[in-house]
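Below is one structure, written out as structure tokens, with a few remarks after it.
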Amino acid sequence: MSAAAAVLLARADRIAAATDQPGTITRLYGRAGLRRARAEVAGWMRLAGLETRIDGVGNLTGCWPGDAAGPPLVIGSHIDTVPNGGRYDGVLGVLAGLAAAERLARSGRRLACPLHVVAFVEEEGARFGTSFLGSRGWLGMADPADERLVDSNGVTLAEAVADFAGPDAGFARPPGDYLEVHIEQGPVLDAAGLPLGVVDSIIGQTRAVIRLEGAAGHAGTVPMDHRRDALGAAAEIVLEVERLARRTRGLLATVGELAVPGGVGNVVPGAAVASLDVRHADDDVRRTATETIRSVALDLAGRRRIAIEFELLSEVAATPLEPRLTDALRRAAEATTGASVPTVSSGAGHDGVIVARVAPVGMLFVRCAAGISHSPDEAVGVDDVAAALATLDLFIDGYGPTA
Ligand code: HGY
Ligand code: MN
Ligand code: MN
């Protein structure tokens, strides 16, 4: 078994213990678990001889110099999680980049360009509802409107950033190339019995929030035909979202959160808040579906005499990745595993979708058990991790920044 793979898995276990909620793997932006995970990774980076930087959003970068200054080869992913998430989503990619840098540092070898390993600190959007705050901040693309976003405790994003930012505000070099190693989070590799895949595109996604306001009332006295039940309207919207997605080929639409602020069993819900996540490989289909959901929700709320606010939180276009990097990763993976290396389109979003706005992006997928992710049951095999690390090393050994 590869020692580097064993080290990576042990480190992933150690990072899994850095959590906001003991007994789960939960690391939300700016909270204690993420701070601890970032410190762990920074310590390993410094031990390896990398110079570390923490930027104005709190992202951590470990820098290994190259023979020349130039735009770095960046290997990155995220270390935040969804609530009660898994131990490899994001973390695998950061630790794989660290392992690659450690190998260079141990031999004192330098590439023609610097190598940066980046741990983005907010990809999931779990605390403020809008995703990729880390990679957008890293590239100086943070949307000022986001600063007014408020979490469930009334803390604004601006306050959270001020508390979690590092001293190296604005530290980021537009990458020469960007690579991300990530668990597939889907069933393709597991079903094919293959350890590795490469990614040709990342699906587009829309995030929105639907706020509904009716009238609270006594559950025992308000007649059914007098009610303005906000949760009843929300429930109907959830089913309409599901119906639309089921009848539209390739459309994925999810209401992952449904809250009844102050809800209690003997009160007719006066308010309800629902999240909305809409995805499709074709941006036009995704946008049309989002608009359909919006108009169905408004119509339905009107019939129920419910006030409704449909707020778009973020939108990311479907993103093709760089064929030059995809081909190089595929060749390295085939040479490493001797197995075929399928090309997969990613239904999950990744920081690469943001970085692709300024640099070529390549992604290597690693099989995860039954494609399970965003769950404590997320699992990878040590041999697959070893194959991914060996593939990354082979890629790096043949890497020369494009002129
Ligand atoms: O939601 C996603 O696709 C990713 O896990 N953030
Ligand atoms: Mn995720
Ligand atoms: Mn991820």
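One-based numbering, in listed order, for ligands and for the atoms of each.
For the pair R367 (side chain) and G381 (backbone), a donor-acceptor distance under 3.5 Å is absent.
Defined by atom type and a distance below 3.5 Å, a donor-acceptor pair is missing between the side-chain atoms of R53 and T61.
The shortest heavy-atom distance from H350 to ligand 1 is not under 4.0 Å. Contact between R207 and ligand 1 is present, with at least one heavy atom of the residue lying under 4.0 Å from the ligand. For H78, the closest heavy-atom approach to ligand 1 does not fall below 4.0 Å.
Within E124, OE2 is the N, O or S atom that lies nearest to the Mn ion (ligand 2). In D89, the N, O or S atom that comes nearest to the Mn ion (ligand 3) is OD1.
The Mn ion (ligand 3) has no N, O or S atom of H350 under 2.8 Å away, backbone or side chain. Residue H78 does not count as close to the Mn ion (ligand 2), with no N, O or S atom under 2.8 Å.
Of the candidates Q205, R279, E123, it is R279 that places a heavy atom closest to atom 1 (O) of ligand 1.
Between E291 and R287, no side-chain nitrogen of the basic residue sits less than 4.0 Å from a carboxylate oxygen of the acidic one, so the salt-bridge criterion is not met. Between D277 and R207 there is a salt bridge, with a side-chain nitrogen of the basic residue lying less than 4.0 Å from a carboxylate oxygen of the acidic one.
Under a cut-off of 6.0 angstrom, the local environment of CD in E257 is sparse, with at most 12 non-hydrogen atoms contributed by other residues, nucleotides or ligands.
Aromatic ring pairs are classed by plane angle as parallel below 30°, tilted from 30° to 60° and perpendicular above 60°; the pair W138 and F120 is perpendicular.
Residue contact check: G349 has heavy atoms under 4.0 Å from atoms 2 (C), 3 (O), 4 (C) of ligand 1.
From the protein, the heavy atom lying nearest to atom 5 (O) of ligand 1 is H374 NE2, 3.0 Å.
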